[in-house]
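It should be emphasised that the depicted structure is a prediction, and the values quoted were computed from it without experimental measurement.
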Number of protein chains: 2
Amino acid sequence: MTAPLDLDQLQSFCAIADCGSFTEAARRVNKTQSAVSMQIKRLEERLGYPLLTRDGRSVSLTQQGEVLYSRARKMLRVNAEIIDHFSNTDLSGSIRFGVPDDYAVRLLPVILSSFQRTHAKIAVDVACMASEQLLEGMRAGRFDLIVFTQGTNHNFGELFRTEKMHWVASHGGQALATDPMPLACGPTCCIWRQEATDVLNRTGKDYRIAYTSSNATAISSAVLSDLAVGFLPESALQPGMRVVGTEYGLPKLNDAQIALMRGSHAYGGIYDALANHIVSSMGNLDSRPTMAEAAE
Amino acid sequence: MTAPLDLDQLQSFCAIADCGSFTEAARRVNKTQSAVSMQIKRLEERLGYPLLTRDGRSVSLTQQGEVLYSRARKMLRVNAEIIDHFSNTDLSGSIRFGVPDDYAVRLLPVILSSFQRTHAKIAVDVACMASEQLLEGMRAGRFDLIVFTQGTNHNFGELFRTEKMHWVASHGGQALATDPMPLACGPTCCIWRQEATDVLNRTGKDYRIAYTSSNATAISSAVLSDLAVGFLPESALQPGMRVVGTEYGLPKLNDAQIALMRGSHAYGGIYDALANHIVSSMGNLDSRPTMAEAAE
DNA sequence: TCTACATCATCAAATTGAGTGATGGGAAGT
DNA sequence: ACTTCCCATCACTCAATTTGATGATGTAGA
């Protein structure tokens with residue numbers, strides 16, 4: 001009969017994981033830096049493992065920390081759900097929300113409309129732009145909450161969804177067979193672009209950037225009209241596109257990592273409401289054993 | 001930015017909901033009765049609603065209490081999962097476990113074998129008997145943990161699964177058309193039997209108890225060999241059985257409610273490990289909005 | 001109806017334990 | 001080398017929770 005964990009500690013822990021800093025996390029949870037530091041110390045003692053590695057400048061999760069993080073987030077989501085349910089004052093206010101344009105087009109209207117149905121008094125101002133710009137805007141305080149694609153340089157944020165990335169070409173087009181292969185992609189800052197060109201270089205495949213646009217639909221059009229080969233996350237695939245496997249010597253792409261990031265103040269209340277809604281509608285990382293798995 | 005709830009309070013709350021008593025719950029969570037009482041008071045103040053109705057003898061959940069209970073349980077499960085994960089001392093010991101025989105036959109081997117794989121050092125002594133006897137055994141301290149069918153007289157326990165109940169007959173048999181209709185069912189104490197005869201009486205359908213056995217497979221055999229009509233939960237259906245809808249004037253049966261009950265001491269450690277395993281493999285009450293639902 | 005028993009609420013006192021603000025050490029950048 | 005930023009630590013304060021005792025209420029049995 002062991003005592004349950006302290007949600008307050010877990011909240012601080014998650015805040016640190018999200019922003020990579022004790023001091024910043026302290027600000028978010030309305031505590032002093034030393035309080036947060038001690039909370040983590042107690043939590044680590046309690047669980048018997050170091051959860052965070054502090055090497056000078058940056059703080060990151062240990063392996064055990066990762067394990068804890070995903071569970072803790074789950075608990076905090078349920079916690080927010082409860083508090084939301086019992087706060088009879090209808091949540092109201094406005095949220096400055098940012099989404100990557102590629103992703104936004106498909107999923108956003110659906111998600112936001114169902115959110116409006118349950119939280120009519122929350123106004124969501126949506127801005128669509130590339131992940132890089134979203135992160136910059138977040139740093140500058142222009143957003144409360146953003147969804148963005150996690151790249152190697154941005155390890156922080158609440159990861160809630162991964163998607164397979166596919167090479168795509170137009171059905172029956174020539175672009176694939178052309179040498180060097182023409183490529184359509186976002187601007188140089190695009191995270192996927194860096195990753196894709198990296199793997200191409202590594203495998204020695206010849207290519208050239210044939211088409212560049214910061215507008216995602218423009219890229220889709222380029223692919224559909226056989227101007228170039230592209231790469232897209234699964235849910236951005238469209239009819240008329242052909243998913244290319246390894247048959248043309250194209251390397252495997254890493255999964256896209258979709259995460260959530262909040263401003264320092266964007267905790268609790270309306271922010272949790274929207275964040276939880278997004279995670280529970282789009283999230284796909286909640287692996288739990290099912291009956292089928294238990295069966296073998 | 002509101003402070004998160006106190007898991008300790010939620011644990012006490014759930015313990016009360018599970019056993020229907022403050023004093024007994026206090027024993028389970030290793031606190032004094034007054035401490036538990038105060039915790040609930042604070043929790044109710046915090047959430048702004050009464051959660052438990054205390055009318056003299058018994059304590060039961062209010063509507064808001066029900067809402068809280070399911071979420072709180074979810075959190076406590078994750079909590080136990082975390083603690084389990086971080087306790088590097090391999091869990092070991094033995095658990096006296098009881099299951100209704102009807103249910104046991106199908107699902108148990110699967111579930112227990114997958115449990116053994118992850119917790120090799122926990123010995124599970126399984127006993128199979130009717131829910132009524134399980135509850136009696138629990139009262140007498142002969143079990144640590146039981147799975148049982150919740151009836152109207154037994155409102156306490158951790159409800160984790162519901163199943164549709166069906167009227168069943170043999171394929172192409174005569175029993176259904178016979179008047180009065182021959183019925184196969186468990187002994188008088190059987191919860192389903194009471195319920196089934198109740199609804200039959202209410203609709204005025206003629207029937208007679210043609211076959212009685214406390215052994216579930218015996219009943220299935222009676223149905224399969226066209227001796228009688230029976231009623232079974234969905235997952236106990238077998239090939240050769242025919243599910244009878246309303247076409248023969250048979251009333252609709254209420255869903256079966258499968259719940260978990262623990263002895264006073266059976267919290268934490270190995271008990272949570274098994275309980276969580278059962279709930280996560282068999283549970284079907286974890287309704288959470290999916291992408292599809294969000295889409296409309 | 002009256003008594004005995006069990007249950008839950010309440011109270012004041014005591015103890016626990018967490019947060020604060022100041023200080024110190026270490027790493028990164030200039 | 002010096003500054004700056006960030007995290008750990010410490011002693012102190014204060015708040016919140018547990019305790020144990022007591023009172024109120026309801027139930028069961030005679």
Trainee: Salt-bridged, A:Asp144 to A:Arg96, with N to O below 4.0 Å?
Mentor: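 Counted as a salt bridge, because a side-chain N and a carboxylate O are separated by less than 4.0 Å.
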
Trainee: Please report, rounded to the nearest Å, how far the C1' atom of D:dT18 is from the CG atom of B:Asp6.
Mentor: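 Between C1' of D:dT18 and CG of B:Asp6: 13 Å.
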
Trainee: Can you tell me if the side-chain N/O atoms of A:Arg54 get under 4.0 Å from OP1 or OP2 in D:dA8?
Mentor: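 So the side chain of A:Arg54 is within the cut-off, an N or O lying under 4.0 Å from OP1 or OP2 of D:dA8.
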
Trainee: Which nucleotides of nucleotides 21-26 of chain D have their base under 4.0 Å from a protein heavy atom (B), which only their sugar-phosphate (S), and which neither (-), written as one string 5' to 3'?
Mentor: B----S

Trainee: Any side-chain donor paired with an acceptor under 3.5 Å for A:Asn276 and A:Glu81?
Mentor: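 No, no side-chain donor-acceptor pair sits under 3.5 Å.
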
Trainee: Looking across every strand, which nucleic acid part, if any, lies under 4.0 Å from B:Val36 by heavy atom: base, sugar-phosphate, or nothing?
Mentor: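 Since no nucleic acid heavy atom lies under 4.0 Å of B:Val36, the category is nothing.
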
Trainee: Checking side-chain contact (heavy atoms from CB on, under 4.5 Å) against B:Val99, which of B:Ile278, B:Ile258, B:Val147 comes through?
Mentor: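 For B:Val99, the side-chain contact (heavy atoms from CB on, under 4.5 Å) test succeeds with only one of B:Ile278, B:Ile258, B:Val147, which is B:Val147.
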
Trainee: Take atom CD in B:Gln63; do more than 12 heavy atoms of anything else shown fall under 6.0 Å from it?
Mentor: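 No, not enclosed.
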
Trainee: Ring of B:Tyr267, cation from B:Arg262 - is the NZ or CZ under 6.0 Å from the centre and inside 45° of the axis?
Mentor: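 Judged by the rule (NZ or CZ under 6.0 Å from the ring centre, within 45° of its axis), B:Arg262 counts as positioned above B:Tyr267.
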
Trainee: Atom CZ of A:Arg27 and atom P of D:dC5: how far apart are they, to the nearest Å?
Mentor: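 Going from A:Arg27 (CZ) to D:dC5 (P), I get 12 Å.
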
Trainee: What's the CZ-P distance between B:Arg42 and D:dA15, to the nearest Å?
Mentor: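 For the pair B:Arg42 CZ and D:dA15 P, the rounded distance is 16 Å.
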
Trainee: Tell me whether the side-chain N/O atoms of A:Thr23 come closer than 4.0 Å to OP1 or OP2 in D:dC7.
Mentor: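 A:Thr23 to D:dC7 OP1/OP2: side-chain N or O found under 4.0 Å.
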
Trainee: Can you tell me if B:Thr32 touches the phosphate of D:dT19, counting only side-chain N or O atoms and a distance under 4.0 Å to OP1 or OP2?
Mentor: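 Looking at the OP1 and OP2 atoms of D:dT19, one of them is under 4.0 Å from a side-chain N or O of B:Thr32.
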
Trainee: Hey, do the aromatic rings of B:Tyr49 and A:Phe86 have their centres closer than 6.0 Å?
Mentor: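 Between B:Tyr49 and A:Phe86, the centre distance is under 6.0 Å.
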
Trainee: Return the set of residues passing salt bridge (charged side-chain N to carboxylate O under 4.0 Å, His left out) with A:Arg42 (not counting sequence neighbours), or none when no residue passes.
Mentor: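 Residues passing salt bridge (charged side-chain N to carboxylate O under 4.0 Å, His left out) with A:Arg42: none at all.
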
Trainee: Once you round it to whole Å, what is the distance between P of D:dA16 and CG of A:Asp8?
Mentor: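 Interatomic distance, CG of A:Asp8 to P of D:dA16: 13 Å.
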
Trainee: Specify the separation, in whole Å, of atom CD of B:Gln9 and atom P of D:dT18.
Mentor: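 Rounded to the whole Å, the gap is 8 Å.
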
Trainee: With heavy atoms of chain A within less than 4.0 Å as the criterion, where does contact along DNA chain C begin and end?
Mentor: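 Answer, 5' to 3': C:dA18 to C:dA28.
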
Trainee: Within the side chain of B:Glu158, is there an N or O that forms a donor-acceptor pair under 3.5 Å with the backbone of B:Leu260?
Mentor: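 No; judged by distance alone, with no hydrogens or angles, the pair does not exist.
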
Trainee: Between D:dT19 atom C1' and B:Met38 atom CE, what is the distance in whole Å?
Mentor: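 It is 9 Å, rounded to the nearest whole Å.
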
Trainee: Please determine, by modelled atom types, if A:Thr53 and A:Ser60 share a side-chain donor-acceptor pair under 3.5 angstrom.
Mentor: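 A:Ser60 and A:Thr53 do have a side-chain donor-acceptor pair below 3.5 Å.
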
Trainee: Check the distance between D:dT18's C1' and B:Asn30's CG and give it to me in whole angstrom.
Mentor: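 Roughly 13 Å, once rounded to whole Å.
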
Trainee: In whole angstrom, what separates A:Ile40's CD1 from D:dC7's C1'?
Mentor: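 Nearest whole value for this atom pair: 12 Å.
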
